[in-house]
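This one's a predicted model, so the numbers in the text were calculated from it and none came from an experiment. Convention: sequence-line order gives letters A, B, ...; per-chain numbering from 1. All values below come from the heavy atoms of this structure, side chains included, with hydrogens, waters and symmetry mates left out.
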Amino acid sequence: MTDFKRTLITTALPYANGPIHIGHLAGVYVPADIYVRYLRLKNEDVIMIGGSDEHGVPITLKAKNEGVTPQDVVDKFHKIIKDSFQKFGISFDVYSRTSAKIHHETASEIFRKLYDTGKLIEKTTEQYFDEANNQFLADRYITGTCPKCGFERAYGDQCESCGTALSPTELINPVSMISGNAPVLKETKHWYMPLDQYEPWLREWILEGHKEWKPNVYGQVKSWIDGGLQPRAVTRDLDWGVPVPVEGTEGKVLYVWFDAPIGYISATKELTPNWELYWKDKETRLLHFIGKDNIVFHCIIFPSMLKAEGTYNLPDNVPANEFLNLEGDKISTSRNWAVWLHEYLDEFPGKEDVLKYVLTANAPETKDNDFTWKDFQARNNNELVAILGNFVNRALVLTQKYFGGKVPECGALTDTDKETLASISLIKAEVEKSLDSFRFREALKNAMDLARLGNKYLADEEPWKVIKTDEERVKTILNISLQITANLTICLEPFLPFSMEKLRGFINLEKLDWEKFGETNLLKAGHQLNTPELLFEKIEDDVIEKQVQKLLDTKKANELAQAKASPAKENIEYDDFSKMDIRVGTVIEAEKVAKTKKLLKLKIDTGIDQRTVVSGIAEYYEPEALIGKQVSILVNLAPKNLKGIESQGMILCAENADGSLSVVSPDKIVKNGAEVK
RNA sequence: GGCGAGGUAGCUCAGCUGGUUAGAGCGCAUGAUUCAUAAUCAUGAGGUCGGCGGUUCAAGCCCGCCUCUCGCUACCA
């Protein structure tokens, strides 16, 4: 392992179309912050980089919906995000944003270098173009009828009704969202990153060279590389983003995935003129803290970009976390299923560390985890209050009571005393071991063992009894208890910075370096302590119930929104309807299409003929159950090849609120070929 | 369907290159204790290590098949 002189830590850039929620925190910012604070306590040269990711189509759409400019949208969320991080105590050295000038310059420079050195390939393709507005249309700017479910306002990349991923050219009757006109296909030129060319190198560098990466990260990367990498467009036709720094490319910007990670570099530039030291010096260690959704970008794409550029360091590790669920359901910004950081900060003032603690203790390090308010309460009451807060309070109250808050002399040590003091260093070693391998959940548990040690020591030594017979002995016992307390301020500083500052206030101690952790004379005899207060307070049931109720309300609102039937489509003429030839037919054969999850191959007696139809209902019907059943079938739909089978028609289905499908059958048996009209 | 990650005590998770009676925290039970925010300390109950089969002197760890969860991907006329 290389000996590094300094560390550069990047944290995934949150997308500026919504506030920060606990999923972001647990996955990225809390662990990164713990690690950075730990290194800082060790006086290592470390910087932590963050910023808002402000480009991309979703932001332009949000702006359009709200009738404001994209800049307005990102200004709003950048402020909310930045403020909440700051209040929560995520200790970025710089929190920048990709709409900043320095970022535009940096991203342009890097693109330009790749362009000039022939690292990009140029390709011309056909894309939809809005002639009225004279611009190419991003996928999300095109609506049309979903070819699958017939929903009339499906987007060019996805149908919001049935969830299908689409490409714009699949839409029936595509319409530009900007002008309302039908767009035309037109040629456009773009640059691509030939990721396929980096495949051998990626294999060598990661699959051979970084076997120590977390299994979830390594596995995902291997999966991508083995699947074969494709060239990926680095530019697109859009007016929001970093303009392509090449002559004659008006209306083109860098694709957001290309410009966003460069944001780490621009933010570093914003922080220090010495930025190159952090990005290019071989003795700098680069770490990307991200969530699992970002693995491919940070392990494959961004490194390939940096490799192509040639002068930058590559990440030494990418400690990616899995996802955090909330009360059993996936966290979702659009469904408002989240605990929002800015709301938490308002509703739980002074409890920043409680959330940090809970998110760390239950961090999704190896698999998706679940955040529940009940667990939040239990961890606060049973661990922070009962173990940590209680120990500190016991030690301090006893010292006040017996010695007026002055640290008593340490006398002769018993074997238990020696063992207890020695345990402090053992705990330190455990915490370090866990932190060094990015096992924050375990590190926190190790750290809490120090408070457990204190509680056990007090229970064993019973100073409240000994005081009646041997005051000298009590002095030693409390001296040791206070040394443990002082050590706690170091040990838990990376995890609970606000609380440890408070605790240092109680014992009148300055912030100490990590190397002091383990020393047994941090508080000198005679040192005056302050009057202690409570370090943590219990959280009562009603507070938790209120939060749970808030989520239940959200759930209810979502269900209501879901259950609502979509509005009627525009009126059509009878002629339009009569073009469709819908018949009743009987299923005579049915089998699953091999290698698919949803497809059934059906043979239908339509009265006219017997024909083969492929239908995406395999998840809801057993093939055998369909045989002999009468169904409705659109017989004059143009045939289409699916998985090598020609599908000659479409089975009509009703879609339920949960997305499940139900075939539409006649009420009584009718002759095959009966027309539906 | 393909690929990846997981399935270990009620809950959340450890278990290194296979090796004695499978561990921790929380919860639970019993006891001790009262300095402390009814907190603490001790002891204990709780596991066919997803299922079946195999390799081995020996498997939670290796191999095969199956099954469930999550993610990526294909597919949905």
Side-chain angles (χ1 to χ4, degrees), chain A residues 146-150 159 162-165 170 172 214-227 292-293 295-296 322-323 325 330 361-370 372 374-375 378-379 381-387 389-402 434 439 441-442 444-446 448-449 451-452 454-467 474 477-478 481 532-538 592-600 613-619 633-634 637-643 647-653 659 661:
Chain A
C146 173
K148 179 202 170 192
C149 69
C159 170
C162 63
T164 307
E170 289 178 283
I172 301 162
K214 289 175 63 173
N216 58 336
V217 177
Y218 187 90
Q220 179 101 162
V221 169
K222 187 171 185 313
S223 173
W224 271 80
I225 295 177
D226 288 348
K292 68 173 167 185
D293 51 331
I295 289 174
V296 63
E322 300 285 300
F323 282 159
N325 293 327
K330 278 178 211 174
N362 190 28
E365 287 179 5
T366 52
K367 62 174 185 185
D368 291 359
N369 265 348
D370 200 22
T372 64
K374 198 169 157 250
D375 180 62
R379 290 198 185 272
N381 293 355
N382 303 333
E383 297 176 32
L384 285 177
V385 173
I387 296 170
N390 185 41
F391 166 66
V392 168
N393 194 236
R394 297 170 83 184
L396 298 185
V397 166
L398 287 170
T399 307
Q400 287 297 339
K401 202 181 260 184
Y402 303 147
S434 298
R439 298 159 74 140
R441 201 170 48 200
E442 188 167 302
L444 180 58
K445 206 179 86 186
N446 299 149
M448 286 295 284
D449 282 342
R452 292 192 177 92
N455 276 320
K456 180 167 166 46
Y457 180 72
L458 282 180
D460 289 347
E461 299 304 315
E462 302 178 304
W464 50 89
K465 272 190 186 166
V466 178
I467 190 72
V474 172
I477 296 170
L478 286 185
S481 301
E533 295 160 42
L534 294 182
L535 200 50
F536 299 99
E537 52 190 29
K538 292 195 90 172
K592 277 199 81 160
V593 178
K595 302 196 172 192
T596 66
K597 191 156 60 182
K598 297 187 180 175
L599 299 186
L600 285 186
V613 176
V614 176
S615 183
I617 55 176
E619 285 175 300
I633 169 172
L634 179 60
L637 184 69
K640 161 130 182 175
N641 256 329
L642 289 169
K643 283 275 158 188
S647 179
Q648 303 158 309
M650 179 164 90
I651 306 293
L652 303 189
C653 288
L661 296 174

Legend entry - Taking every non-hydrogen atom, the tightest pair across A/S647 and A/V614: OG-N, 2.9 Å

Inset, instruction - Report the residues that fulfil side-chain contact (heavy atoms from CB on, under 4.5 Å) with A/N325, sequence neighbours left out, ordered by chain and then residue number. - result: A/K330, A/D368, A/D370

Legend entry - Residue closer to the 5' end of RNA chain B, A/E365 versus A/E383 (nearest nucleotide): A/E365

Inset, instruction - Kindly write out the residues that satisfy side-chain hydrogen bond (donor to acceptor under 3.5 Å, both in side chains) with A/D449, not counting sequence neighbours, or none if the list is empty. - result: A/R452

Legend entry - Rounded distance (nearest 0.5 Å) linking atom CG of A/L458 with atom CG of A/N390: 9.0 Å

Inset, instruction - Report the residues that fulfil salt bridge (charged side-chain N to carboxylate O under 4.0 Å, His left out) with A/E442, sequence neighbours left out, ordered by chain and then residue number. - result: A/R439

Inset, instruction - Output the distance between atom CD (A/E462) and atom CD1 (A/I467), rounded to the nearest 0.5 Å. - result: 13.5 Å

Inset, instruction - Pick the P atom in B/C63 and in B/U17, then give their distance to the nearest Å. - result: 13 Å

Inset, instruction - Mind checking the CD-NZ spacing from A/E461 to A/K456? Nearest 0.5 Å is all I need. - result: 9.5 Å

Legend entry - Short side-chain N/O contact to B/A24 OP1/OP2 from A/R441, under 4.0 Å: no

Inset, instruction - Take atom NZ of A/K214 and atom C1' of B/G71, then tell me their distance rounded to the nearest Å. - result: 14 Å

Inset, instruction - Fill in the dot-bracket string of RNA chain B, one character per base: . for unpaired, | for a pair to another strand, ( ) or [ ] for pairs within the strand, taking Watson-Crick or G-U pairs under 3.5 Å. - result: (((((((..((((.....[...)))).(((((.......))))).....(((((..]....))))))))))))....

Inset, instruction - Can you sort out the partners of A/K214 under side-chain hydrogen bond (donor to acceptor under 3.5 Å, both in side chains), two or more places apart, ordered by chain and number? - result: A/N321

Distances under 3.5 Å only, N/O to N/O: pair up the protein atoms with those of nucleotides 6-10 of chain B.
none

Legend entry - salt bridge (charged side-chain N to carboxylate O under 4.0 Å, His left out) involving A/K367 - partner list, sequence neighbours excluded: none

Legend entry - Inter-residue atom distance A/N381.CG - A/E537.CD, 0.5 Å rounding: 10.0 Å

Inset, instruction - If the glycosidic angle is within 90 degrees of 0 it's syn, otherwise anti, so just tell me which one B/G6 is. - result: anti

Atom pairs, protein N/O to nucleotides 63-66 of chain B N/O, distance under 3.5 Å:
none

Inset, instruction - Would you mind telling me which residue lines up with the more 5' stretch of RNA chain B, A/V397 or A/D226, judged by nearest nucleotide? - result: A/D226

Legend entry - Rounded distance in Å between the P positions of B/U21 and B/A36: 47 Å

Inset, instruction - Figure out the CD/C1' separation between A/E462 and B/A42, and round it to whole Å. - result: 12 Å

Legend entry - Sugar-phosphate, base or nothing in reach of A/V614, heavy atoms under 4.0 Å: sugar-phosphate

Inset, instruction - Quick one: label A/K465 by what it contacts on the DNA or RNA (base, sugar-phosphate, nothing), any heavy atom closer than 4.0 Å. - result: sugar-phosphate

Inset, instruction - Take atom C1' in B/G71 and the same atom in B/G64, then report the distance between them in whole Å. - result: 25 Å

Inset, instruction - Specify the closest pair of heavy atoms between A/A361 and A/R379, including all atoms of both residues, with the distance to one decimal. - result: CB-NH1, 3.6 Å

Legend entry - Span that lies between the P atom of B/A5 and that of B/A14, in whole angstrom: 15 Å

Legend entry - C1' spacing across the pair B/G50 / B/U69, given as an integer number of angstrom: 11 Å

Legend entry - Nearest-Å distance once atom C1' is located in both B/G19 and B/A58: 6 Å

For nucleotides 37-40 of chain B, list the nitrogen or oxygen atoms of the protein found under 3.5 Å from its nitrogen or oxygen atoms, one pair per line.
from	atom 1	to	atom 2	distance (Å)
B/U37	N3	A/F536	O	2.5
B/U37	O4	A/L535	N	3.4
B/U37	O4	A/F536	N	3.2
B/U37	O4	A/F536	O	2.6
B/A39	OP1	A/K538	NZ	2.9
B/A39	O2'	A/A386	O	3.0
B/A39	O2'	A/N390	ND2	2.8
B/U40	O2'	A/R394	NH1	2.9

All N/O donor-acceptor pairs, side-chain side in residues 392-402 of chain A, below 3.5 Å, sequence neighbours left out:
from	atom 1	to	atom 2	distance (Å)
A/R394	NH1	A/N455	OD1	2.9
A/T399	OG1	A/A395	O	2.7
A/Q400	NE2	A/N530	O	3.2

Inset, instruction - To the nearest 0.5 Å, tell me how far A/I477 CD1 sits from A/D460 CG. - result: 10.0 Å

Inset, instruction - Starting at atom CG of A/D449, determine the distance to atom C1' of B/G25, rounded to an integer number of angstrom. - result: 9 Å

Legend entry - Counterpart residues, side-chain contact (heavy atoms from CB on, under 4.5 Å), relative to A/E533 (two or more places apart): A/F506

Legend entry - Length of the CG-C1' vector between A/D460 and B/C41, whole Å: 7 Å

Legend entry - Side chain of A/R439 - closest among B/C3, B/G15, B/C35: B/G15

Inset, instruction - Of all the heavy-atom pairs spanning A/I633 and A/Q648, show the shortest one and how long it is. - result: CD1-O, 4.4 Å

Inset, instruction - With P as the reference atom in both, quote the distance from B/C70 to B/A32 in angstrom, rounded to an integer. - result: 48 Å

Inset, instruction - Could you state the atom-to-atom distance from CD1 of A/I295 to P of B/C70 in whole Å? - result: 18 Å

Legend entry - Separation of the P atoms in B/G54 and B/U73, to the nearest angstrom: 40 Å

Legend entry - Gap between atoms CD and P, on A/E442 and B/A24 respectively (whole Å): 14 Å

Give every donor-acceptor pair under 3.5 Å between a side-chain atom in residues 215-223 of chain A and any protein atom, sequence neighbours left out.
from	atom 1	to	atom 2	distance (Å)
A/N216	ND2	A/A320	O	3.3
A/N216	ND2	A/E322	OE2	2.7
A/Y218	OH	A/L207	O	2.7
A/K222	NZ	A/D226	OD2	2.8

Legend entry - Whole angstrom value for the distance that separates P of B/C35 from OH of A/Y457: 18 Å

Inset, instruction - Round to the nearest Å and state the distance from A/R379 atom CZ to B/G25 atom P. - result: 13 Å

